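First the structure, in the form of structure tokens, and then the observations on it.
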Number of protein chains: 2
Amino acid sequence: MHKILIVEDEPAISRIVEKYLIQSNYECTIASDGFIALELFSKNSYDLILLDVMMPGIDGFKVLETIRETSDLPVIMLTARELEEDRLSGFTKGADDYVIKPFSPLELVKRVDVFIKRIYGSNEISIRNYGPFVLDDKEKTMRKNNEIIDLTSAEYLVISVLLEHKNQILTRNQIIETAFSLDYEGYDRTIDTYIKRIRSKIEDDPKKPKYLQTKYGAGYVFII
Amino acid sequence: MHKILIVEDEPAISRIVEKYLIQSNYECTIASDGFIALELFSKNSYDLILLDVMMPGIDGFKVLETIRETSDLPVIMLTARELEEDRLSGFTKGADDYVIKPFSPLELVKRVDVFIKRIYGSNEISIRNYGPFVLDDKEKTMRKNNEIIDLTSAEYLVISVLLEHKNQILTRNQIIETAFSLDYEGYDRTIDTYIKRIRSKIEDDPKKPKYLQTKYGAGYVFII
DNA sequence: CATTTTTGTCATATTGTTGCCATAATTCAC
DNA sequence: GTGAATTATGGCAACAATATGACAAAAATG
């Protein structure tokens, strides 16, 4: 099931959209302003974002801009008819599609379907987005900014766990138990070696890791 | 797969257009100005050109004029709304269609689809292009940079499957089942031998395969 | 039918992965 | 700063998977 983040300040609209998307088998989260949206975005992983342009506080464009700093996630903008220039504006700033209000919920769902199908394929979810990193569980491949990162299968398991709990500190044992197995008999410091190897593949400067950071005395975090 | 040349100076726009076209199974090349566009045009072969009118340096009309000296390739112009006369201008100078900015990427793709289908679509596809590799299913021949590569029929089947799923890891059994038959009774490691033989024919250095790569513990991928 | 080419299997050589360790470097608390 | 604790790193051995060359059976060729 694919996860959609709905960013919309009018509950009347977001509720309806949510209802339709749920009927179409999507999992929805509603953010009522840009701030909450960015907060949710940084902590969770979504497959598509519906983003209202006109919002109090941070507007849709600002939100999109921030999202685009780290992610290529598909974003559909919801714009008012009056703001015809929004179209261009939205595009030049990186939106993938736009829908003009007032829109038919069915139409919106159809657009979402098309996107999800095109990008993730109609089948089971196998692709996960984390900022510049994209994991394909079916292929067991990872990309950073669209470049394939060549990982061994054990490395893939480790980074997969770290990304699943991005921005959360995981102890070596948590990593081992989740990535490998609960009854893994090995030495927990072996994780250090995996971290070393993964860093050398994903970090620009493995000496000063930007993503895969150490928490002294605790474990490791994937910051994104 | 048909090749599209996108001539557009704003990366924000060309990137989105490219993304959509790739999703619709087109192969895209982006030229960020008229100069590069003409350079690429003279060195490669495309099936359709998307041409922005407003560009620094040589503008779209000039580019179109030059292209028309030697080619009848379909060209779709991308024009700004303000320049309404561009329409006429564009037509009189030989454009095949035009799209007014701001445009919906989905709409643009639809237009491209219509064109490609009208012009190239009626004939059967027996020729498949994958970068420097061209397969002719009718002739059962493969070319690399226009040079015929002499393959046996089993080798052709294997590479055909790999290219059909280029950039996807295929297990030995997937290759066997797709290339040969579902009830193939043989030993799956026989695929290794085919890979060896194909590599010796298509790779510059079979020891360090650039195209037909091994995924340790998984299978093989054709990277292109 | 004889000859050549293709196909599939196998044994062996080579390469890649994994987990561990010893030692170096870093971090933290005092 | 200093020392103790913790992490980083390079290397290595055991193991697992792949690459390769040789060969015989099967097909194709003429």
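Just so it is clear, the model here is predicted, and its values are computed rather than measured. In what follows, chains are A, B, ... by sequence order, proteins preceding strands, each numbered from 1.
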**Prompt:** Without hydrogens or angle criteria, can the side chains of A/N129 and A/Y46 be said to hold a donor-acceptor pair below 3.5 Å?
**Reply:** no
**Prompt:** Between C/dG16 and A/T152, is there an OP1 or OP2 to side-chain N/O distance shorter than 4.0 Å?
**Reply:** no
**Prompt:** Using a cut-off of less than 4.0 Å, is there contact between a side-chain N or O of B/T214 and OP1 or OP2 of C/dG16?
**Reply:** no
**Message:** Does atom CG (B/D205) have a neighbourhood of more than 12 heavy atoms from anything else shown, all under 6.0 Å?
**Reply:** yes
**Asked** Mind checking whether A/Y130 and A/F222 have ring centres under 6.0 Å apart?
**Response** no
**Asked** Taking the six-membered ring for Trp, are A/Y211 and A/F133 ring centroids under 6.0 Å apart?
**Response** yes
What's the [atom1]-[atom2] distance between [X] and [N], to the nearest Å?
X	N	atom1	atom2	answer
A/D192	D/dT7	CG	P	7 Å
B/I191	C/dT9	CD1	C1'	13 Å
A/I198	D/dA8	CD1	P	12 Å
A/L151	C/dT17	CG	C1'	13 Å
B/K208	D/dT20	NZ	P	13 Å
A/E203	D/dT9	CD	P	11 Å
B/R172	D/dA17	CZ	P	10 Å
B/F180	C/dT6	CZ	P	14 Å

**Message:** Donor-acceptor pair, distance only, cut-off 3.5 Å: does the side chain of A/N167 make one with the backbone of A/K43?
**Reply:** no
**Message:** Between B/R172 (side chain only) and B/T190 (backbone N and O only), is there a donor and an acceptor less than 3.5 Å apart?
**Reply:** no
**Annotated protein contacts, base or backbone, on nucleotides 20-30 of chain C with a non-hydrogen cut-off under 4.0 Å, one of B, S, - each** = BB-----BS--
